[in-house]
Engineer: 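After the structure tokens below, expect a handful of questions from me.
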Protein chains: 2
Amino acid sequence: MADTKYVYTFGDGKADGNTTQKELLGGKGANLAEMSRIGLPVPAGFTITTEVCTYFYDNDRTYPPELKDQVNAAIADAEKCMGKKYGDPTNPLLLSCRSGARESMPGMMDTVLNIGINEEVVQALIKQSGNEHFAWDSYRRLIQMYGDVVLGLKPENKNQDDHFEVILDAAREKEGVEHEAGLSVAAIKQIVVDFKKVIKDHAGIDFPEDPMEQLWGCIGAVFGSWGNDRAAVYRRMNGIPHSWGTATNVQAMVFGNLGDTCATGVGLTRNCSDGTPGFCGDYLINAQGEDVVAGTRTPKRVEETLQQDKPEAFEQLTNIGKTLEQHYKDVQDIEFTVEDGKVWMLQTRNAKRTGFAAVRIAVDLVNEGLIDAKTALEKRRIPADDLNQLLQPIFNPSDKEQAQKDNRLLAKGINAGPGAATGQIVFHASDAEETYNKDNDVQLILVRKETSPEDLRGMKVAKGILTAFGGASSHAALVSRQMGKTCVCGCDSLNIDYEAGTVTVAGQVLKGGDWISVDGFTGEVFAGKIETSPSEVMEVMTGNMKPEESEVYQRYAQLMAWADEHRKLNVRANTESHDAEISLQLGAEGVGLCRTEHMFFDHLDEMREMIFSTTVEDREKALAKLIKFQRDDFTHLFKVMAGKAVTIRLLDPPLHEFLSEHHMHEDPALAGKLAKTFGVTEEDVKRRVAELVESNPMLGHRGCRLGIVYPEITAMQARAILEAAVACKKEGIEVLPEIMIPLAGYKAEVDNQTAVIKATAAKVFDEMGESVEYMTGTMIEIPRAALTAGEIADTAEFFSFGTNDLTQTGLGISRDDYKGFIGYYTENDIMPADPFQTVDQTGIGRLMKIAVADGRETRPDLKIGICGEHGGDPKSVYFCHEIGLNYVSCSPRRIPIARLAAAQAAVEAG
Amino acid sequence: MADTKYVYTFGDGKADGNTTQKELLGGKGANLAEMSRIGLPVPAGFTITTEVCTYFYDNDRTYPPELKDQVNAAIADAEKCMGKKYGDPTNPLLLSCRSGARESMPGMMDTVLNIGINEEVVQALIKQSGNEHFAWDSYRRLIQMYGDVVLGLKPENKNQDDHFEVILDAAREKEGVEHEAGLSVAAIKQIVVDFKKVIKDHAGIDFPEDPMEQLWGCIGAVFGSWGNDRAAVYRRMNGIPHSWGTATNVQAMVFGNLGDTCATGVGLTRNCSDGTPGFCGDYLINAQGEDVVAGTRTPKRVEETLQQDKPEAFEQLTNIGKTLEQHYKDVQDIEFTVEDGKVWMLQTRNAKRTGFAAVRIAVDLVNEGLIDAKTALEKRRIPADDLNQLLQPIFNPSDKEQAQKDNRLLAKGINAGPGAATGQIVFHASDAEETYNKDNDVQLILVRKETSPEDLRGMKVAKGILTAFGGASSHAALVSRQMGKTCVCGCDSLNIDYEAGTVTVAGQVLKGGDWISVDGFTGEVFAGKIETSPSEVMEVMTGNMKPEESEVYQRYAQLMAWADEHRKLNVRANTESHDAEISLQLGAEGVGLCRTEHMFFDHLDEMREMIFSTTVEDREKALAKLIKFQRDDFTHLFKVMAGKAVTIRLLDPPLHEFLSEHHMHEDPALAGKLAKTFGVTEEDVKRRVAELVESNPMLGHRGCRLGIVYPEITAMQARAILEAAVACKKEGIEVLPEIMIPLAGYKAEVDNQTAVIKATAAKVFDEMGESVEYMTGTMIEIPRAALTAGEIADTAEFFSFGTNDLTQTGLGISRDDYKGFIGYYTENDIMPADPFQTVDQTGIGRLMKIAVADGRETRPDLKIGICGEHGGDPKSVYFCHEIGLNYVSCSPRRIPIARLAAAQAAVEAG
């Protein structure tokens, strides 16, 4: 049996590996091989595979026995390519040693350069280069990196002494120079001596003179750095499995620091902030790679000065850039070194980009003929969530940078509603409304411990919402996303004192009226004002800008057209009447969830009259006062959504949301007022309030449980819906109402409510002399509903997954109460992700699959959608595509994201 | 194709049907046929099948076309048997028409007697019987029953006039007689005229003279009565499907009212109150069947006077009784009529019996050789729940009867903890404890709006618990059953005023110290004292009585021995240390759930110290103070359960159960005390309390979510368990600890906690120089745990279904909050039963089946039990047997019930 191949060489137009082998060779190694294959100038070297990393961790940090010989052979190959010999005292080859995982983990792992220098070799370098400064400085750098990386002398935190830097600081000060580059050769020679003493003193060993010992030390350090803390944290944050491991790349050194004919730099084959075409990058003349990143010298811009500085190198680079884009079909992020006028490639990879750039680049590449539209839709090119950057206001980058420099960052919460908002602090919804009514241009940030349905009107007029409590699925977060408001929630370092009218954070006491800025993309909260720019796409959609004035919009529209062409899933809006138009603009193909709660919250008096009624007749009388408002709302919605399906959910919240201790507390006169209105005693009012209290309202008397015990509510709502529908039909408008029963767990519940709806429909159609087609269906938001979907589908004509509640019940986790452990859980890999952001496919997903299979077994043409917040989460949309739903429904602002994600799911599936 | 056979005849030693055909012929019809077959004297007649009932309701209350001919033929058969002719003006046969469903629904449906009399026939009757009074009275009865039943003239409620009774009352008053039997013939003849007028006036038709019209009217009325409200309510309460339908029995009349040679009665082949052998029953001389039931005349006792009154009839009856028991292998409940000295059988069925009687009869029948032990265990012979009657104190029947007669019934709540208790009202647990400490013989009833963990000590010393709120699974109910206390909960007509120290109910204001009595079997609450008797079985088990002194105990022990022989399921106790001995007495084969909460509630100071700790070290210090108590408790439990498995659940409740607004409210000085103790401000205390508040605590930071964020709690508990276990082992006691992780939903949670336990175990075993075998496993009480059981079983060595929480989450229903709709839901067939009493097999059961299958797929020898309250519910036990669990675990008092139910499940399965 042949030995496993653990080492892959590259160089001189050849390579063992290629770009498809990222799992085995890591991204860097695979692309070094690929570049070598396609004839680009790559210093020769070899990649030790990720399998060795796995072996290393499985075998107490040792290597496979066959590795040593393979490495020796590979060094010999590199020596041949480069015409030098590793460790040779006359013509020495120097090596670098770099990590390279399957996915880039920038700065997380270790690198050592200039490996192979010792007291003999340094003399050879002096002779060959004729540059004593270069040779000693290279030696100095090796010892420092070896000490930091291999021997672990780099201090963990900034309070500890960095022995090497202390020596360098002293030398610089002594010679009065700013950079190491300015030090005299004598000084550097002394530093080498001092550095070796640091190693002896602090690591307890001599710096190894043997080049092979140096190399193996570096290889071990690179594999070891996969396991360090910051790398583990990074992987967790970015969903990279710990099991992947890194490869190690050993490569011949080329030098950007041999003199002014040399340079080193990084570059992008086109701009990745805004997507503008053309090579751009940073370079430093006479420098080594680290110097560009270290920031001790300010690099120059390739696109600005390189053409003058080094016209040949500039030409080589732009040609290489074009070759790379042609070959990789995507923007590349590269590292290069210019040695004596020749450009050497040290790295290439697909470039990270902003959402803005992603859209522009994808559309441009299609228009340039490099890729087709289907390829442009790939997930990795435009993470669907990044579309948000085109749809929300953002901080002007320079203003935000300034705020960061001024240390105005106050706190960080959960980035619950994307966008950027700046405004004056207001603590109460009523104050916000009042202020807004005096001046519609006022910019307000509503700052609350948490929000509740009474805050809705205040949220509407605020630019942004900031709360101290509640997670990504709290009321504040849900409603903000629904309204498209910027929101940061669960910012628990805020100490809000409503009575004093202050919020204390980071040692500052802010009052109402003070300016504050919240970044809903990042969760950051800043003191003071930061200027924002509106979204051009939204400006066009709301008629403030013409499509032809905005290239951003045009590219967005092009991308969306491609997405719509490829996707299988329909996309609907979770919207009520007032957001119907914008939903349509954003591409809604119907309404998947029209909540009807607000109609009741807007008429608390009538609702409370119902609560105090003791007979069906009295309840019907109270409800009759609400019907007009509901009918008007539905009529508007049907008109806007003409020809499209509109799913309306019957009343869902428990009655205590309309009357509770909280209300009595907020308005001490309320008990008296209610007592007077309903002709009872204050004691009676308090008793009724007490009766309505629930220990676990999420699992209480709500949803269809209300409509079943009080069928008059269902009847009133069905009447409002169907009267509106018939009226629209009479005006020639096509209406497709779908009446949705919330929180059902038993078929009998669906039967009961369906019967009430059908009886009401018969009456309405009879009274109005005209009928409409309508459907009745149910939310699947309780595990039992999913588990008995086969029975339920016998009555329900459609299902809509309410994945918020299904997640709460299926996981036994209240989204309002998970703050105490969710942080710990995601940080410690107990949950792979926040299940309220992305559908838990293993658990909740299994319930969904059961419901889809059993439901369609009973009713093959069962229409199934999702209307939980997950409907706008790309990963969840992929899942919905996989399990064969008909549509996803989400907040209006997330519709484009869902459209793109749906297309990506379809493209992925082939 | 032959016509469907809709009519089954019987009589004269022959029959078309037999006793196995209850589905088709109903219970009465099948047994009339059977009795006829085995030669017992049954008046001839026929049964119209339940299929006709189904047809009747499916076809707008019409009959299959072939029915008429079949009925005519059957009448002819009966005429031949009885030697009379229906409607004949000289030798008329009279008929009765009675309902008869598959299961007996006593008094729920309708009966008409004496059918076939008209103006001509009455004259023939006079001639044949020579008894003018009998003939006219029979006619009078027919008209009245026909009016009431067929024409619907019986008033719905007692406030409406009963026209027939008004006329009878007037006649009795006029002639000065007490009963109709005393009326003169002239009076009765006038009544017949008046009754016919009532029918004309109120039903708008003439009383039909045509005997066939009479008969068909009666048949229609009987089928129609299946659909009446009270029958529907009865079926719902008794779990009888509406789809079954009733049969109709038409049978020749025999007369107990032809004179003093005649009688009518009901009887039991042995006493069904206490099970004593020997025929017993009630009879009336010269009377018709209804008279016995109507209660207008006081019947005589068969066993006391019939032998003297009518020796021949007595002999016939006792022989018939023996024949029936021999034939049916069970006690029979019969109806009979003596006509001119000859006994005729009108009905036989298996007799209903009390739990006491059921046990005695089953054991006696085995000892008499009629049945074997396996048969004695059949569900229908001893409903397992009825064993409660042998295990709990009961009211002395005569004292309870007196209380009812005295109108002392105050209210009815939910029968949450079986037993009977009488005592003085006390409103606060602390008062109860104080009073008890002064006088251990005091009898107290703890009366609360609801109970919480702080009430535990008060509940312990009270004889019974009565609450205004909370359902069958509320804290009060759960704990009461756990403690074996009598409990009535959710008694919402109680108006409790803690400040005034009063409870107002049924217009009475009761104070602390007033006597009250609660019946935990029925949910009844009585004012004043009702004497109770203790359970003999419990007296023996607690050593207050010797086994040989109690026949009740001996029979119980015999039955339990048979049950243990047949059952496959093991039965364990949900118990803590203090109930371990009694659990063993009651047959526990281990502990399925030892809750550890009380150990923390008993040491609130230390727990609060932990809550206020900000470092792991401080928390560990606080917890260290608890370890001794826990270890001692576990040691006791292990000793009592030597050689048996003991499952201990780690801490489950959320931290706010140890410190909340409620505590601050109860003790206004608490904030100050805590602030002083922990060196913080009162503001800090309040903030911490506020932090702990949860919106939906059921779905909050509890269970293993606590142990994961605070691993020191888990470590401390694991240490206490394992130190106790090792110490016991050193004493030579066999210990089998099973450490159970609560509320897991993710495998990673189980992994995390298992790792903490294993690490602690390694330390403990090392420190103590000895190790014990132990298992680690998890509750399956969240849908996700069931759905990912395959993964979880990779780590968990056992599963225990926590069906309380699994039902709450899987159904999305909080047991504390379902009061608003559960009544409506069960009354209206939306839920077949309270899912917190009996496992919802369709929904929750499906999750359980998934968990069993997937868990055992991963780990074939996975031990699986149930420790929710359902573990003591017979129907749920049957289900657990079916799906292959290893054991059920329940409150100590329910262990015998679970043992019997487990045996019944096994016997049923064959």
Side-chain angles (χ1 to χ4, degrees), chain A residues 492 495 654-655 687 691-701 703 705-706 708-709 743 745-746 748-749 751-752 781-788 791 805-806 808-821 823-825 828-832 835 840 842-847 850, chain B residues 492 495 654-655 687 691-701 703 705-706 708-709 743 745-746 748-749 751-752 781-788 791 805-806 808-821 823-825 828-832 835 840 842-847 850:
Chain A
D492 47 20
N495 194 344
L655 292 184
R687 187 158 45 241
E691 272 172 19
L692 294 177
V693 171
E694 296 189 314
S695 311
N696 292 285
M698 187 57 53
L699 311 176
H701 194 179
R705 299 165 191 168
L706 273 181
I708 287 171
V709 176
L743 212 77
Y746 286 78
E749 292 177 318
D751 291 347
N752 174 299
E781 52 184 338
I782 283 183
R784 194 185 195 277
L787 293 160
T788 60
E791 294 178 3
D805 274 4
L806 192 61
Q808 295 198 88
T809 49
L811 267 50
I813 296 176
S814 155
R815 65 189 178 205
D816 292 329
D817 302 313
Y818 75 168
K819 57 186 185 296
F821 58 94
Y824 188 97
Y825 267 45
N828 291 276
D829 298 325
I830 288 171
M831 287 180 186
D840 158 44
T842 318
I844 303 306
R846 186 169 183 185
L847 284 177
I850 288 172
Chain B
D492 48 19
N495 193 343
L655 293 183
R687 187 159 43 244
E691 273 172 18
L692 295 176
V693 170
E694 296 189 314
S695 311
N696 292 286
M698 188 57 53
L699 311 176
H701 194 178
R705 298 165 192 169
L706 272 181
I708 287 171
V709 176
L743 211 75
Y746 287 78
E749 292 178 318
D751 291 348
N752 174 299
E781 52 184 338
I782 282 184
R784 194 184 195 278
L787 293 162
T788 60
E791 294 177 4
D805 274 4
L806 193 60
Q808 295 198 88
T809 48
L811 268 48
I813 296 176
S814 156
R815 65 189 180 208
D816 292 329
D817 301 313
Y818 75 169
K819 58 185 184 297
F821 58 94
Y824 189 95
Y825 267 45
N828 291 276
D829 298 325
I830 288 172
M831 287 180 184
D840 157 43
T842 318
I844 304 306
R846 185 169 182 185
L847 284 176
I850 287 173

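None of these values were measured; they are calculated from a predicted model.
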Engineer: With respect to A:Arg784, which candidate in B:Leu847, B:Thr809, B:Thr842, B:Ile813 satisfies the side chain to side chain contact (heavy atoms under 4.5 Å, CB included) definition?
Structural biologist: B:Thr842
Engineer: I'd like to verify something: which residue of B:His701, B:Glu749, B:Lys819 has the highest number of heavy-atom pairs under 4.5 Å with chain A?
Structural biologist: B:His701
Engineer: Measure the CG-CG distance between B:Leu699 and A:Leu699 for me, rounded to the nearest 0.5 Å.
Structural biologist: 4.5 Å
Engineer: Specify which of A:Gly823, A:Gly843, A:Gly812 makes the most heavy-atom pairs with chain B at under 4.5 Å.
Structural biologist: A:Gly812
Engineer: Chain A: which of B:Ile830, B:Asp492, B:Asp751 shares the most heavy-atom pairs with it under 4.5 Å?
Structural biologist: B:Ile830
Engineer: For the CG atom of A:Asp840 and the OH atom of B:Tyr746, what is their distance to the nearest 0.5 Å?
Structural biologist: 4.0 Å
Engineer: In terms of heavy-atom pairs under 4.5 Å with chain B, which of A:Ala748, A:Gly700, A:Ser695, A:Gly745 leads?
Structural biologist: A:Ser695
Engineer: Can you say whether B:Leu692 sits under 4.5 Å from chain A via the side chain, the backbone, both, or neither, judging by heavy atoms?
Structural biologist: neither
Engineer: Answer yes or no: is there a donor N or O on one side and an acceptor on the other, between the side chain of A:Asn696 and the main chain of B:Met698, under 3.5 Å?
Structural biologist: yes
Engineer: Quick check for you: among A:Leu811, A:Thr788, A:Val709, A:Leu655, which has the greatest number of heavy-atom pairs under 4.5 Å with chain B?
Structural biologist: A:Leu811
Engineer: I need the residue from B:Gly820, B:Pro654, B:Gly810 with the largest number of non-hydrogen atom pairs under 4.5 Å to chain A.
Structural biologist: B:Gly810
Engineer: Listed by chain and number, what are the ring-ring contact (aromatic ring centres under 6.0 Å, His included) partners of B:Tyr825, not counting sequence neighbours?
Structural biologist: B:Phe821
Engineer: To the nearest 0.5 Å, what is the distance between CG (B:Asn828) and CD1 (A:Ile708)?
Structural biologist: 9.0 Å
Engineer: What's the spacing between B:Asp816 CG and A:Glu694 CD if we round to 0.5 Å?
Structural biologist: 10.0 Å
Engineer: Identify which of A:Ile782, A:Asp829, A:Ile844 forms the greatest number of heavy-atom pairs closer than 4.5 Å to chain B.
Structural biologist: A:Ile782
Engineer: Restricting to side-chain hydrogen bond (donor to acceptor under 3.5 Å, both in side chains), what partner residues turn up for B:Asp817, sequence neighbours left out?
Structural biologist: B:Ser814
Engineer: Quick check on the interface: out of B:Glu781, B:Arg846, B:Arg705, who has the most heavy-atom pairs with chain A under 4.5 Å?
Structural biologist: B:Arg705
